[in-house]
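Order of the sequence lines fixes the chain letters, A, B, ..., with proteins taken first and strands second; residue numbering starts at 1 for each chain.
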2 protein chains.
Amino acid sequence: MVGQRKIRLYVTVGQRMLRDSLLFQLLLNDDVELVGESETGVDTLNRLSATRPGVLLIEENLQDNDGLTIAESALSLQPSLSVLLISDTPVSTGRLAIYLEAGIKAVVSKHQPVQELMKTLLYIRNGQVYVSARNTAADDTPTALAAYRALSGREREVAHLMAGRVPVRDIAEQLGVSCKTVHSYKDRIFVKLGFERLPELILFMHRHQHGATS
Amino acid sequence: MVGQRKIRLYVTVGQRMLRDSLLFQLLLNDDVELVGESETGVDTLNRLSATRPGVLLIEENLQDNDGLTIAESALSLQPSLSVLLISDTPVSTGRLAIYLEAGIKAVVSKHQPVQELMKTLLYIRNGQVYVSARNTAADDTPTALAAYRALSGREREVAHLMAGRVPVRDIAEQLGVSCKTVHSYKDRIFVKLGFERLPELILFMHRHQHGATS
DNA sequence: CCTATTTGTAGGAATTTCCTACACGCAAAA
DNA sequence: TTTTGCGTGTAGGAAATTCCTACAAATAGG
C-alpha cells in the first residue's frame, strides 16, 4: 500500500545529461511511468493534453521561458496536475511561498541530493503539497547519518565491507558467518538507511569517511 | 579483460543533484572507484595529492574558477591524470582542439546522453584521448537505434513488453514460451542495444515511440 | 548447394531479493 | 524482580535475476 496508482510523469529539463540521469533514477521505481519529456516549455504545453501527466517535473530556468510561467499555464490547462519545480538555487522561504501560491506542489533545488527528488515526487503524487524539512542550507542526509550511527556493530562492519565492493561471499568468510546472514545484514542496512542500491551506500560511506578501503 | 585496474575517479561538479545522479550511474560499474569529489576547483586541487585519482571528471564552469584552468593546474601537479571535461554547451571542433592541446583527454557536453559519459570514461581510463564520433549536433543514440532496427521479431516483442514493465512471467505466458526463454531474449536485447538496466530500455523505447503501452 | 550466422528456445549455476524465523540479551514496565 | 518486548546475530526458503552454454531450425552469403 505504498502508493496507489502509477505516477504518470512528464519531465521538462533542458540538458539531456541531467534529464537522462534523473530519468534513470526515477524509472528505477516501478510506480513511475514516463508519459513524456521535453527540453522546452512550449513543447511541454503542446504535448500536455496528449500525454495527460499526473506530475510535471520541470526546471525553473528553461531555455525558452521560465518554469514558473509554464507551470502556471499547464495548471490552467490541467488543474489536477501536480507540479514539482527544480530550482537552480536554494529556495528561500519567500520564493517558496510564491511558488505554492501559484499552485506548485513542491520545489527541490539542484543543490539537494537526488534522493530528495524521488522522495518529493512520491509525496506529491496524490496532489498533496510537500515542503521538505529544511531546504535552505546544506542540510544533507541528516536522516541517513542518524540512521548510520544507530547501526549495530555487525551491521557497520558489513556496511563498510560492502561499500568497498567486497563480494558477499568474502564478507561471509571474513566474519565467519553464512552468506545468508550477510544478506540479512545487507537487507537491514538498506532498510535502516533508506537506500535501494549499492551506489547509494558507497557514496554515503565515502562521504562520511567510513568507506576507506585500505 | 574489459578493463585492467579500477578507475580511481575524482568528480568535481558544482550542483549536488547532478553530481549525485552522475555518481549513482558511474558507481554502478564495478570498475569505478570514487576517490574524491568536490564542488569547487580549489578544493579539487587541494585534495588532489591526497587522493591521487587516475581520472578527473570536471565541469567546465565551476563556481570559483573555470574547469580548464583547474584541469591545467591539476595536470601540472599530476601529469599522469586523465581529465574528462563536462561542458555546458556542445563542443565545437575549435574548442575541442584547444582542450586537447591543454592535455585534456576528452570532452562530453551536458547535451549528450549520460551513457556517453560512461563510455568516454571507459575509453580514457588508460590515458588515451577520446574524441566521440559526432559531438556537435543532436546525434543521439544512433547506435542503439540502428541496433534496434536489427532486432528480430521476437526480440522486439519482448523489448516492447519489458519496456511496459510487464513481468517476465506474464511475458512468457503471453508468448507461450518459458521464462528462461524470455530471459534469453532479454539478455540478447540488452547486449545488442548496449544497455545495462531496465530504465535505459524504457527510456529508449519511449523515445522511439515503440513503448506505448496503451 | 553448402557453410556460417542468426533466431527461437531453454537449461544450469550462482547470486540477489524478499520474507520469515528464532534464540538471546538488554531494557522498560509492572 | 519478574515479565514483556524490541533489537541483534543468525539463517532458511522461494522466487527472480544474471551470466553462461546449448542446440536445432531458419537464413543469408558465397
Whole angstrom value for the distance that separates P of dT6(C) from NZ of Lys192(B)
8 Å

Rounded to whole Å, how long is the line connecting atom CD1 of Ile189(A) with atom C1' of dC18(C)?
16 Å

If I take atom CZ in residue Phe190(A) and atom P in nucleotide dT16(C), what distance separates them, rounded to the nearest angstrom?
11 Å

Proximity to the side chain of Ser184(B) - top-ranked nucleotide from dA16(D), dT9(C), dA11(D):
dT9(C)

Roughly, in whole Å, what's the span from CD in Glu157(A) to P in dT8(D)?
14 Å

Have a look at Asp31(B) and tell me which of Arg5(B), Arg125(B), Arg8(B), Lys6(B) forms a salt bridge (Lys or Arg N to Asp or Glu O under 4.0 Å) with it.
Arg125(B)

Of the candidate nucleotides dT18(D), dG9(D), dG8(C), which contains the atom at the shortest distance from the side chain of Tyr185(B)?
dG8(C)

Nearest-Å distance for atom pair CG/P, residues Asp187(A) and dT8(D):
15 Å

Applying side chain to side chain contact (heavy atoms under 4.5 Å, CB included) to Gln15(B) and Asp88(A), what does each step give before you reach the verdict?
CA-CA 9 Å; Gln15(B) 288 167 337; Asp88(A) 284 311; 3.9 Å; yes

From the set dA10(C), dT9(C), dT17(C), return the single nucleotide nearest to any side-chain atom of His183(A).
dT17(C)

Atom pair distance, as rounded to whole Å: CG in Asp30(B) and C1' in dT15(C)
13 Å

Gap between atoms NZ and P, on Lys180(B) and dA15(D) respectively (whole Å)
14 Å

Give a yes or no on whether a donor-acceptor pair under 3.5 Å exists between the nucleobase atoms of dA11(D), that is its base, and the side chain of Ser178(A).
no

Give the nucleotide from the list dT17(C), dT10(D), dC19(D) with an atom nearest to the side chain of Val177(A).
dT10(D)

Distance check needed: dA15(D) P versus Asp170(B) CG, whole Å only.
15 Å

Nearest to the side chain of Val168(A), which nucleotide is it out of dG9(D), dG11(C), dT16(C)?
dT16(C)

Apply the side-chain contact (heavy atoms from CB on, under 4.5 Å) test between Leu23(A) and each candidate in Val114(B), Leu203(B), Ile202(B); give the one that qualifies.
Leu203(B)

Taking for each residue the nucleotide of DNA chain C with the nearest heavy atom, is it Lys186(A) or Cys179(B) whose nucleotide lies nearer the 5' end?
Cys179(B)

Show me the side-chain donor-acceptor pairs of residues 183-194 of chain A shorter than 3.5 Å, one per line, residues at least two apart or across chains.
| unit_1 | atom_1 | unit_2 | atom_2 | d |
| --- | --- | --- | --- | --- |
| Ser184(A) | OG | Lys180(A) | O | 3.2 |
| Lys192(A) | NZ | Glu155(A) | OE1 | 2.9 |
| Lys192(A) | NZ | Glu155(A) | OE2 | 3.2 |

Quick check on DNA chain D: between Glu196(B) and Ser152(A), whose nearest nucleotide comes earlier from the 5' end?
Ser152(A)

What I want to find out is whether Lys110(A) reaches Glu60(A) closely enough, with some N-O distance under 4.0 Å, to be called a salt bridge.
no

If you take atom types as modelled and just measure distance, does the side chain of Arg188(B) reach the base of dT9(C) with a donor-acceptor pair under 3.5 Å?
yes

